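Contents: one structure, followed by commentary.
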Amino acid sequence: MEYNFSAIEKKWQQYWSENQVFKAQNNSEKPKYYVLDMFPYPSGAGLHVGHPLGYIASDIVSRFKRHKGFNVLHPMGYDSFGLPAEQYAIQTGQHPAITTKENIARYRQQMDKIGFSYDWSREVRTSNPDFYRWTQWIFLELFNSWYDKETNKAAPIAELITRFDNHGTEGTNAVCGEEMIFTPEEWAGYNEVRREEVLQNYRLAYRAESTVNWCPELGTVLANDEVKDGRSERGGYPVVQKKMMQWSMRISAYAQRLLEGLDAIDWPEPLKESQRNWIGRSEGASVHFEVKDSKEKIEVFTTRPDTIFGVSFMVLAPEHELVDRITTEVYRSSVEDYKVQAGRKTERDRMADVKTISGQFTGAYAIHPFTGKPIPVWIGDYVLASYGTGAVMSVPAHDSRDWAFAKHFGLPVPEVVAGGNIAMESYDAKEGKLINSEFLTGLEVKDAISKAIEEIEKKGIGKGKTNFRLRDAIFGRQRYWGEPIPVYYENGVPQTVKEEHLPLELPAVDAYLPTEDGEPPLARAATWAYHPEKGVVPASEGFPLETTTMPGWAGSSWYYLRYMDSENEKDFVGEGAEGYWKNVDLYIGGSEHATGHLLYSRFWHKFMFDRGWLSTREPFQKLINQGMILGTSAIAHRMKDNNTFISVALSKSEPTVPVHVDVNMVNASDELDVERFREWRDDLADAQFILEGDKFIVSREVEKMSKRWYNVVNPDDICTEYGADTLRMYEMFLGPLEQSKPWNTAGISGVYNFLKKMWRLYHSAGVFHVSDDQATKEELKSLHTLIKKVNEDIEQFSFNTSVSAFMICVNELGALKCTKREVLEPLAVLLSPFAPHIAEELWSLLKKGTTSISEVPFPVANEKYLVEDTFEYPVAFNGKMRFKEELSLSMGKEDIEKHILTLEKTVKYLEGKSPRKVIVVHGKIVNVVV
RNA sequence: GCCCUGGUGGUGGAAUUGGUAGACACGCGGGACUUAAAAUCCCGUGAGCAGCAAUGUUCGUGCGGGUUCAAGUCCCGCCUGGGGCACCA
């Protein structure tokens with residue numbers, strides 16, 4: 001019997017599914033291991049060969065860990081709320097739920113063909129009400145929590161209210177939007193509306209007027225991580241800054257813990273680094289400057305308090321609230337003009353314009369706190385309203401932006417740190433001695449910083465402070481296809497929907513677009529109001545419900561917890577299940593989620609830990625970023641002015657236009673199937689071809705795999721032609737998991753041949769045949785070398801070298817004509833994580849169809865078969881003698897001298913070391929084990 | 001500008017972490033089996049030089065230095081591809 005992969009794969013996929021071989025138990029004597037893939041957004045295009053890369057890797061680990069005796073949780077689901085389904089709905093009127101369901105079915109079909117060992121009984125879909133009722137529940141808990149800086153954790157808001165009742169703000173140190181001070185009496189006197197306003201300042205999910213990234217084309221706001229270079233990540237539309245009342249998440253409360261937590265988890269360094277950058281901790285001081293002839297104070301944040309004597313002007317962001325109050329009459333109109341001009345710029349303009357310096361003097365002066373000298377106050381758009389205090393003390397000598405501003409407007413540049421040439425450029429380095437700085441003069445920068453903070457605090461004009469770049473995350477989206485935010489408004493005051501009314505399901509709407517007056521799509525729903533007793537009711541019978549929905553990252557911020565206990569109707573995850581599975585041991589996915597999903601998940605996880613529902617501090621213990629599989633596009637060259645195509649080698653001298661050709665019409669030798677190409681599109685029917693010999697050759701280019709470039713390779717096609725096992729092994733063989741690499745179907749024959757050889761090892765003349773004879777030393781050495789390698793490789797996620805090791809071993813055993821059961825049994829088990837179908841088939845032949853191979857213990861290498869033959873120490877010196885003789889035959893005199901010198905040094909080195917093992921090749925010592 | 005990463009044959013990539021660089025695979029060349037094809041198997045394949053040949057030998061891991069008996073691997077200085085952050089005070 002030949003290797004019939006399609007029959008084998010179908011048979012075992014069915015067996016695994018019918019017998020629920022991979023169903024994980026929530027309690028077990030075995031140690032647990034939780035392996036997770038980043039769940040996909042089910043797009044209409046289906047999977048291409050790049051998508052399963054990480055899934056295959058995680059599947060190998062899952063199967064390996066099962067063999068190793070772990071109780072493995074390996075689930076899969078769908079991140080099924082999202083923009084594409086909604087945009088399709090806008091175009092066609094089809095409900096996104098239908099589109100989503102269809103896409104999921106297709107994804108499932110494609111994944112099933114690859115033979116993953118998922119426990120599908122735990123599948124989750126973020127757009128499923130059974131799931132998002134818990135997303136809404138978590139939202140309510142965030143709404144009902146505040147962050148206590150004293151205990152450094154989140155706590156129920158009721159606790160804060162009690163404090164306000166008894167002590168006002170006295171003695172409470174909470175994370176908040178703006179500092180508030182009031183007495184219990186004042187609090188008692190606040191009405192309902194005012195009280196809620198105050199509480200919004202503390203809630204972890206809150207509504208606030210804030211500057212948001214508004215994308216007019218998409219008609220929605222976007223979070224910072226959804227904006228790249230001033231354009232929307234999805235669609236690439238321009239994004240402008242706009243002030244809006246918005247739901248936000250107070251992630252900034254967790255900035256320090258999110259930063260510190262990185263040290264305790266095993267993630268790739270670049271990923272940690274981007275999170276560190278994103279959180280952007282900087283230490284310095286906040287200082288306030290009095291404004292001359294006014295009661296106002298300008299508060300600034302600086303990382304360089306040591307340079308305070310170098311301040312020669314101050315700059316406020318144009319939006320800064322003090323601007324209007326301190327601007328003098330003479331400058332009022334110029335300042336107004338400047339504010340309008342700055343406000344018109346989009347985020348993108350502003351970034352593109354980094355080199356253009358602009359600003360406007362306000363006419364006001366601040367007073368230097370130590371020298372008492374007046375300092376002119378300017379406004380300028382290089383100062384951001386949203387960072388620090390929206391104001392800076394400018395030290396042009398030691399900050400390049402301040403320097404450029406000063407030069408542009410002819411402001412003085414007093415030097416306070418020695419070491420630079422400030423006439424040419426600012427000296428930003430944090431080294432050198434302070435000069436012209438009274439009590440700081442003579443100190444090193446580092447010491448000057450702490451001394452300056454000390455003096456600032458002593459004088460009561462500021463204090464040491466740590467700032468974070470991390471902003472609160474905008475949480476509301478003006479979209480339809482997302483989780484409704486479970487809040488309604490009573491006299492404009494947000495109230496939470498009762499837990500018994502969850503899930504708050506998406507209402508039917510007549511269209512998925514915003515309303516004429518710019519309200520989100522949910523405002524179209526006829527039945528979208530709330531009655532605290534009855535739940536959702538028609539508009540006339542209740543209070544208006546919130547019309548924005550949650551962002552895409554809401555569901556994905558906690559889905560990994562739901563897998564632990566996906567059918568629990570009483571809780572988002574049961575205590576027992578959580579206590580057993582704890583957190584994800586291995587998470588595999590793309591690095592593009594570094595500052596989105598992976599940061600938000602950590603935030604929610606820590607929040608839930610604070611509230612006592614989770615026992616771990618981090619969601620994902622180890623994380624691996626799989627690289628992207630790129631497409632290898634095929635490009636035909638068309639003559640510039642007519643419909644004639646010219647083979648690539650001949651095209652160099654001609655003016656041509658590149659045309660992307662469907663890669664499926666090109667063979668492994670880059671030869672184009674001309675007939676198919678003509679039939680491909682109507683405009684190509686009469687195309688002419690200039691051939692090289694009798695062939696038309698295309699050029700190749702590596703690009704992202706995309707429909708647009710006709711370079712998409714479908715895993716289904718590979719499975720049909722070569723089988724899932726070949727696909728799996730080839731994807732691993734392609735290169736290191738973490739690296740991006742181009743797909744090249746031509747190379748797949750190597751892996752396919754390997755599997756056929758593997759199959760033939762167990763068969764002779766087409767019939768299954770193994771012998772019970774004792775294996776030879778050579779056979780065992782080959783096997784155990786492989787066992788050792790595979791065990792090590794899987795632990796280190798070095799799957800590509802494992803595949804090579806399999807090829808070597810099977811080639812060796814083939815050459816030895818090994819048919820021994822003693823060797824072939826462990827070999828099948830070794831292969832099982834990589835190519836599970838063929839391994840199961842061989843195992844069932846070996847064991848006459850008993851249990852699944854996944855229950856068999858993984859082989860462990862026996863070192864005694866791995867001992868190498870070595871030269872002993874004295875032999876090495878015989879080698880040396882031979883070397884000397886040979887030298888004289890063909891070398892020049894100088895070369896001989898050089899080599900003998902090296903050799904003598906080596907010999908000298910070895911004296912007294914009494915090496916255990918010395919390998920010598922042609923007189924040259926190549927390996928020494930001392 | 002700051003911070004992470006990588007740079008090895010025609011190609012994808014190996015290299016026990018300082019010990020025979022180029023494993024394994026693709027591609028290419030040659031051969032066996034076959035009427036032929038497919039399939040399968042075997043041999044060769046970094047560059048240069050010497051030789052009919054077996055073989056020998058020099059050079060060779062982005063560039064230039066250094067440490068070491070020994071460097072793709074460690075150190076210093078550059079060049080360069082990819083990624084993150086960025087008027088963040």
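Just so it is clear: chains get the letters A, B, ... in the order the sequence lines come, proteins before strands, and each one is counted from 1. Values in this document were obtained by computation on a predicted structure and should not be read as measured data.
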Between the OG1 atom in A:T389 and the CG atom in A:L384, the distance rounded to the nearest 0.5 Å is 11.5 Å
Could you measure between the two P atoms, the one in B:C75 and the one in B:C4, and give it in whole Å? 14 Å
When rounded to the nearest 0.5 Å, the distance separating CD1 of A:I808 from OG1 of A:T785 is 9.5 Å
note: A:L262, atom CG; B:G84, atom C1'; distance rounded to Å ~ 14 Å
Rounded to whole Å, OH of A:Y730 lies from C1' of B:A25 at a distance of 8 Å
Q) When you compare B:G81 with B:U8, how far apart are their P atoms, in angstrom units rounded to a whole number? A) 14 Å
Residue set satisfying side chain to side chain contact (heavy atoms under 4.5 Å, CB included) with A:K297, at least two apart, ordered chain then number -> A:H288, A:E290
*asked:* Work out how far the P atom of B:G9 is from that of B:G22, and round it to whole angstrom.
replied: 14 Å
Side chain to side chain contact (heavy atoms under 4.5 Å, CB included) filter on A:A406, not counting sequence neighbours, yields A:F313, A:P396, A:L411, A:V413
Protein-nucleotides 40-45 of chain B N/O pairs closer than 3.5 Å?
from: B:U40; atom 1: OP1; to: A:N753; atom 2: OD1; distance (Å): 2.9
from: B:U40; atom 1: OP1; to: A:K756; atom 2: NZ; distance (Å): 2.9
from: B:U40; atom 1: O3'; to: A:R760; atom 2: NH2; distance (Å): 3.2
from: B:C41; atom 1: OP1; to: A:R760; atom 2: NH2; distance (Å): 3.2

For residues 271-283 of chain A, the salt bridge (charged side-chain N to carboxylate O under 4.0 Å, His left out) pairs (sequence neighbours left out) are A:D263-A:R276, A:E269-A:R276, A:E273-A:R276, A:R281-A:E283
The salt bridge (Lys or Arg N to Asp or Glu O under 4.0 Å) partners of A:D793 (sequence neighbours excluded) come to A:K789
For residues 804-817 of chain A, the side chain to side chain donor-acceptor pair (under 3.5 Å) pairs (sequence neighbours left out) are A:K757-A:N811, A:S782-A:E812
#### Entry: Separation between the P atoms of B:C74 and B:U61, rounded to whole Å
15 Å
task: Using a heavy-atom cut-off of under 4.0 Å over every strand shown, decide if A:S282 touches base, sugar-phosphate, or nothing.
output: sugar-phosphate
Atom CD1 of A:I748 and atom P of B:A25 are separated, to the nearest Å, by 16 Å
To the nearest angstrom, the CZ-P distance between A:F754 and B:A39 comes to 19 Å
The salt bridge (Lys or Arg N to Asp or Glu O under 4.0 Å) partners of A:D402 (sequence neighbours excluded) come to none
Base-pair string, RNA chain B, Watson-Crick plus G-U, cut-off 3.5 Å on both distances, | for inter-strand, is (((((((..(((......[....)))((((((.......))))))(((((....)))))..(((((..]....))))))))))))....
Taken to the nearest whole Å, CD/A:E592 to P/B:C85 is 13 Å
Q.
Please report the distance separating the P of B:A32 from the corresponding atom of B:G82, rounded so that it comes out in whole Å.
A. 49 Å
Tabulate atom names and distances for all N/O pairs under 3.5 angstrom spanning the protein and nucleotides 11-14 of chain B.
from: B:G12; atom 1: O2'; to: A:L734; atom 2: O; distance (Å): 2.6
from: B:G13; atom 1: OP1; to: A:Q739; atom 2: NE2; distance (Å): 2.5
from: B:G13; atom 1: O3'; to: A:N800; atom 2: ND2; distance (Å): 3.3
from: B:A14; atom 1: OP1; to: A:N800; atom 2: ND2; distance (Å): 2.9

Per the O4'-C1'-N9-C4 / O4'-C1'-N1-C2 angle with a 90° window around 0, B:U17 comes out syn
Quick note, ring-ring contact (aromatic ring centres under 6.0 Å, His included) partners involving residues 268-287 of chain A, not counting sequence neighbours, are none
Whether over 12 other heavy atoms sit under 6.0 Å from A:K756 NZ | yes
Query raised in the report: For the ring pair A:F409 and A:W378, is the centre-to-centre distance below 6.0 Å?
Result: yes
With syn meaning chi within 90° of zero and anything else anti, the base of B:G72 is anti
The reported gap from OG1 in A:T302 to CE in A:M393 (rounded to nearest 0.5 angstrom) is 4.0 Å
- prompt: How would you label the contact of A:S749 with the nucleic acid (heavy atoms, under 4.0 Å): base, sugar-phosphate, or nothing?
  reply: sugar-phosphate
Using a 4.0 Å heavy-atom cut-off across all strands, classify A:R281 as base, sugar-phosphate, or nothing. nothing
Extract from the structure each pairing of a protein N or O with an N or O of nucleotides 1-7 of chain B at less than 3.5 Å, listing the distance.
from: B:C3; atom 1: O2'; to: A:E273; atom 2: OE2; distance (Å): 2.7
from: B:C4; atom 1: O2'; to: A:P270; atom 2: N; distance (Å): 3.3

(Q) Distance check, P atoms only: B:G48 and B:G60, in whole angstrom units. (A) 16 Å
Between CE of A:M628 and C1' of B:G83 the distance, given in whole Å, is 11 Å
**Item:** Ring centers of A:F405, A:Y382 separated by less than 6.0 Å
**Value:** yes
A:W759 atom CH2 is separated from B:A39 atom C1', nearest whole Å, by 17 Å
Report task. Verify whether the ring centers belonging to A:F309 and A:H368 lie closer than 6.0 Å. Result -> yes
Sorted by chain and residue number, the ring pair (Phe, Tyr, Trp, His ring centres under 6.0 Å) partners of A:F289 (sequence neighbours excluded) come out as none
When A:Y387 and A:W278 are each assigned the nearest nucleotide of RNA chain B, the 5'-most assignment goes to A:W278
The answer to which of A:A391 and A:S274 contacts RNA chain B further toward the 5' end, by nearest nucleotide, is A:S274
Atom CG of A:L384 and atom C1' of B:C85 are separated, to the nearest Å, by 14 Å
Nearest heavy-atom contact between A:I251 and A:D472 is N-OD1, 3.4 Å
Q: With C1' as the reference atom in both, quote the distance from B:C59 to B:A21 in angstrom, rounded to an integer.
A: 13 Å
Distance between C1' atoms of B:C42 and B:A50 (Å, rounded)
30 Å
